[in-house]
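Have a look at the structure below before the remarks.
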Amino acid sequence: MNTLLIQIIHQGFFGGVAAAGFAVLFNYRPSLLPLSFGAGLLALATRTAFLESGFTLPIASFFGALAVAIADRLWKDSRPVRGAVLAIVGAIPMVPGGIAAKVLITLFVMLGSDSTAIIAALPEALQGMMTLTFTIAAIGTGLALPSLFQPWTQRTREQEE
């Protein structure tokens, strides 16, 4: 088996486990746990595939969130759950917690240092903050885009009837 495929399956599986864990944390119904697992699997597998294709973390996260939001929108009419609850719980494992931790640690180090250490640590802190900010913005944008088209499709259905 190809090592890229193994890595995508690995990341997708543990993304699904994390999404199911967040679903338990948010008190979802037990019947939604497998769907939450699937949403996390889709989001992280898509993001990993895009990362391995050479895209940056924000762009890959955007496509992962977009994939799970589109799947949630397509499935929305056939289920009783309203809103994008599965898309959101599927996208939560894509938030880069490791980068956020590094940024916070760097900021704390900068607070207790002299001016030369601050100047030396500043580029790393700024790069981490920008990556974190753009990644979270990309996830939010990817989750929001499919819902922007829902009112249009709803109006079109009502006009046809």
Side-chain angles (χ1 to χ4, degrees), residues 4-5 7-104 106-107 124-161:
L4 175 61
L5 184 60
Q7 184 177 4
I8 290 172
I9 291 170
H10 175 267
Q11 291 291 323
F13 175 77
F14 286 106
V17 169
F22 280 112
V24 169
L25 181 68
F26 297 149
N27 202 22
Y28 281 21
R29 292 192 318 253
S31 62
L32 289 178
L33 292 181
L35 298 173
S36 300
F37 179 87
L41 186 140
L42 175 64
L44 258 320
T46 304
R47 183 182 84 171
T48 303
F50 275 91
L51 280 173
E52 292 300 319
S53 297
F55 289 91
T56 63
L57 181 63
I59 294 172
S61 297
F62 168 78
F63 284 114
L66 184 64
V68 76
I70 288 172
D72 184 64
R73 279 287 165 181
L74 291 175
W75 191 56
K76 182 179 179 184
D77 293 334
S78 66
R79 63 185 164 98
V81 178
R82 294 292 174 219
V85 294
L86 291 176
I88 291 170
V89 80
I92 288 174
M94 290 194 303
V95 175
I99 294 174
K102 284 182 185 177
V103 167
L104 285 175
T106 304
L107 290 175
E124 180 184 347
L126 288 176
Q127 181 181 7
M129 279 192 273
M130 288 180 64
T131 302
L132 180 66
T133 302
F134 286 129
T135 303
I136 291 174
I139 291 170
T141 304
L143 288 174
L145 276 179
S147 66
L148 295 176
F149 297 106
Q150 183 64 25
W152 178 78
T153 57
Q154 189 70 26
R155 270 188 262 124
T156 304
R157 285 188 203 145
E158 290 171 0
Q159 289 172 354
E160 289 175 357
E161 293 174 355

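Keep in mind that this is a model prediction, so the values were computed, not measured.
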With sequence neighbours left out, the residues meeting side-chain contact (heavy atoms from CB on, under 4.5 Å) with Ile8 are Leu4, Ala45, Thr48, Ala49

Nearest 0.5 Å, what's the CG-OG distance between Leu66 and Ser61?
12.0 Å

Ala125 and Leu107 have their tightest heavy-atom pair at CB-CD2, 4.4 Å

For the student: nearest non-hydrogen atoms of Gln11 and Leu44, plus distance:
O-CB, 3.6 Å

How far apart are the closest heavy atoms of Leu42 and Thr46, and which atoms are they?
O-OG1, 2.7 Å

Taking C-beta and beyond as the side chain, do Ile70 and Arg73 meet within less than 4.5 Å on heavy atoms?
no

Would you say the side chain of Ile92 lies within less than 4.5 Å of the side chain of Phe26, judging by non-hydrogen atoms?
yes

Thr56 meets the side-chain contact (heavy atoms from CB on, under 4.5 Å) criterion, sequence neighbours left out, with Pro58, Ile59

Shortest non-hydrogen pair, Asp72 vs Ala87, comes out as CB-CB, 3.8 Å

Are the side chains of Ser36 and Tyr28 in contact, using a 4.5 Å heavy-atom criterion?
yes

Can you tell if the side chain of Ile88 reaches within under 4.5 Å of the side chain of Val68, non-hydrogen atoms only?
no

side-chain contact (heavy atoms from CB on, under 4.5 Å) assessment of Leu145 paired with Phe62:
CA-CA 10 Å; Leu145 276 179; Phe62 168 78; 3.7 Å; yes

Could I get the full list of ring-ring contact (aromatic ring centres under 6.0 Å, His included) partners for Phe63, not counting sequence neighbours?
Phe50

Could you check whether any side-chain heavy atom of Arg47 comes within less than 4.5 Å of a side-chain heavy atom of Leu57, counting everything from C-beta outward?
yes

For the residue pair Pro34 and Pro30, what are the closest heavy atoms and their distance?
CD-O, 3.7 Å

Do you know which two heavy atoms are closest between Pro146 and Ala69, and how far apart they sit?
CG-CB, 3.6 Å

Sequence neighbours excluded and cut-off under 3.5 Å, please list the side-chain donor-acceptor pairs for residues 130-140, or say none.
unit_1 : atom_1 : unit_2 : atom_2 : d
Thr131 : OG1    : Gln127 : O      : 2.9
Thr133 : OG1    : Met129 : O      : 2.7
Thr135 : OG1    : Thr131 : O      : 2.6

Those residues that, when tested against Val17, pass side-chain contact (heavy atoms from CB on, under 4.5 Å) (two or more places apart)
Phe13, Phe37

Test side chain to side chain donor-acceptor pair (under 3.5 Å) applied to Gln7 - qualifying residues, sequence neighbours left out:
Glu52

